[in-house]
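Whatever order the structure lists ligands and atoms in, that order sets their numbers, starting from 1.
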Amino acid sequence: MRASFLPGPARTVDDCLASGLVMHEIELTGGAVLETGCVYLVPLMESLALPAGLSAAMNPKSSTGRLDVFTRVIGNNAAAFDQLPAGYCGPLWVEISPRTFSILARPGDRLVQVRLRRGALKAGLSQVLSVDLQAAGNAPVGWRAKRHSPLVDLCRIGAHAALDFWEPLYAPRGQIVLDPGEFYILASREAVEIPLADAAEMAPIAPEIGEFRAHYAGFFDPGFGLGAPAKAVLEVRGRDVPFILEHGQAVARLVHEPMAGKIGSAYGMNGSNYQGQGLKLGKHFKA
Ligand SMILES: O=c1ccn([C@H]2C[C@H](O)[C@@H](COP(=O)(O)OP(=O)(O)OP(=O)(O)O)O2)c(=O)[nH]1
């Protein structure tokens with residue numbers, strides 16, 4: 001695509017595509033490289049037929065956020081990214097823009113997830129999360145993404161050597177300097193536990209601070225951290241000017257929301273990648 005776009009209430013996605021936004025069409029079958037700095041629009045295999053009263057909210061999977069791949073879902077007549085109103089009936093597209101690593105994608109790769117909500121958001125308990133810059137022993141406190149790294153193949157889990165893509169960060173004085181434009185994986189000081197009856201969403205705290213932004217993915221599954229103490233992994237980008245981040249600085253807020261009913265299987269029960277996590281890179285990397 002020449003650039004990202006939103007259809008708005010009066011247009012379908014096809015109307016927008018026909019208006020000169022498309023630079024080139026590529027086939028994903030057999031694999032295609034999606035390059036950093038470019039914006040791609042991919043039709044999703046799934047569509048929605050929402051009844052009245054049920055709306056949809058989308059967000060990148062945590063594994064997508066940890067790769068610094070920016071994604072947003074749109075539908076026909078969408079007035080906002082990652083949100084479709086109650087009653088939406090139609091196809092879906094995902095906008096994909098790899099920021100740090102180019103990725104090899106194929107049909108069937110899963111980058112985003114959808115949540116269905118009846119009625120308005122019912123925000124419950126809220127917890128402030130702060131950054132942990134005091135690691136035990138010689139362990140790093142975080143990772144900074146290396147530019148000009150090799151390609152990440154989305155279907156090769158645990159197959160990419162972490163040090164080819166990430167530089168470990170140490171903070172002997174409990175601080176690190178965030179470079180504008182660089183991408184960091186950090187962990188929360190607090191343990192996070194999501195009861196089976198809740199899900200939670202992590203939102204940036206005080207976006208007006210400006211010099212950095214924490215959290216790009218931000219969905220926490222019911223049962224995350226239950227019986228397996230876990231931290232939140234924070235996706236942080238430096239912005240505007242170099243910024244000193246200090247141990248214990250508040251960076252994000254976790255807002256719980258009750259699930260509509262009893263869940264089938266708790267996070268951690270079926271091959272979940274991040275249960276009990278500390279400072280954990282995405283599932284594509286091996287230490
Ligand atoms: O910014 C975030 C978002 C999520 N999580 C944790 C909580 C969440 O429950 C878990 C898995 O998130 P998600 O379901 O989005 O990731 P996934 O890539 O689908 O992981 P899995 O394959 O384990 O389901 O990672 C974080 O630590 N930081």
(message) Yes or no: does Q275 have any heavy atom under 4.0 Å from an atom of ligand 1?
(response) no

(request) Kindly confirm or rule out an N or O of Q277 lying under 3.5 angstrom from an N or O of ligand 1. (result) yes

(request) Just jot down the ligand 1 atoms closer than 4.0 angstrom to any heavy atom of K61, in number order. (result) 15 (O), 18 (O), 19 (O)

(message) Counting C-beta onward and ignoring hydrogens, is there a side-chain heavy-atom pair between H160 and D153 closer than 4.5 Å?
(response) yes

(message) Within the 4.0 Å heavy-atom shell around R66, which atoms of ligand 1 are there?
(response) 5 (N), 6 (C), 25 (O), 26 (C), 27 (O)

(request) Find out if a path of hydrophobic residues (ILVMFWY) with successive side-chain heavy-atom gaps under 4.5 Å connects F243 to L186. (result) yes

(message) Using modelled atom types and a 3.5 Å cut-off, is there a donor and acceptor pairing between side-chain atoms of Y184 and backbone atoms of L234?
(response) no

(message) Tell me the contacting part of K280 for ligand 1: side chain, backbone, both, or neither, using a 4.0 Å heavy-atom threshold, strictly below.
(response) neither

(message) Within ligand 1, which atoms have a heavy atom of E235 less than 4.0 Å away?
(response) 1 (O)

(request) Report yes or no: does G65 have a heavy atom closer than 4.0 Å to ligand 1? (result) no

(request) Mark the output for R110 as yes if a heavy-atom distance to ligand 1 is under 4.0 Å, and as no if none is. (result) no

(message) Is it the case that the side chain of S102 and the backbone of T36 share a donor-acceptor pair, with hydrogens and angles ignored and the cut-off at 3.5 Å?
(response) yes

(request) Below 4.0 angstrom from a heavy atom of V233, which ligand 1 atoms are there? Numbered from 1 as shown, please. (result) 1 (O), 2 (C), 26 (C), 27 (O), 28 (N)

(request) Determine whether V22 and H24 make a side-chain contact, defined as any pair of heavy atoms from C-beta on separated by less than 4.5 Å. (result) no

(message) Under a 4.0 angstrom heavy-atom cut-off, which atoms of ligand 1 come close to S272?
(response) 23 (O)

(request) Kindly identify the option in Y267, F219, F220, F224 whose heavy atom sits closest to atom 23 (O) of ligand 1. (result) Y267

(message) Determine whether a donor-acceptor pair (N or O, by modelled atom type, separation under 3.5 Å) exists between the side chain of R2 and the backbone of G20.
(response) yes

(request) Compute the shortest N/O to N/O distance between K231 and ligand 1 and return yes if it is under 3.5 Å, no if not. (result) no

(message) Does any part of the side chain of L41, heavy atoms only, come nearer than 4.5 Å to the side chain of F5, both counted from C-beta?
(response) yes

(request) Please confirm whether the backbone N or O of L163 pairs with a side-chain atom of K146, one donor and one acceptor, at under 3.5 Å? (result) yes

(message) With nothing but distance in play, are any N or O atoms of N273 less than 3.5 Å from an N or O of ligand 1?
(response) yes

(message) Counting neighbours of CZ on R106 that are heavy atoms of other residues, nucleotides or ligands and sit closer than 6.0 Å, is the number greater than 12?
(response) yes

(message) Using a 4.0 Å cut-off to any heavy atom of S63, which atoms of ligand 1 qualify?
(response) 17 (P), 18 (O)

(message) I'd like to check which ligand 1 atoms, numbered from 1 as shown, lie under 4.0 Å from a non-hydrogen atom of M202.
(response) 1 (O), 2 (C), 28 (N)

(request) Mark yes or no for whether E257, through its side chain, and K122, through its backbone, hold a donor-acceptor pair below 3.5 Å. (result) yes

(request) Number the atoms of ligand 1 from 1 as they appear, then name those within less than 4.0 Å of a heavy atom of Q113, with their elements. (result) 13 (P), 14 (O), 15 (O)

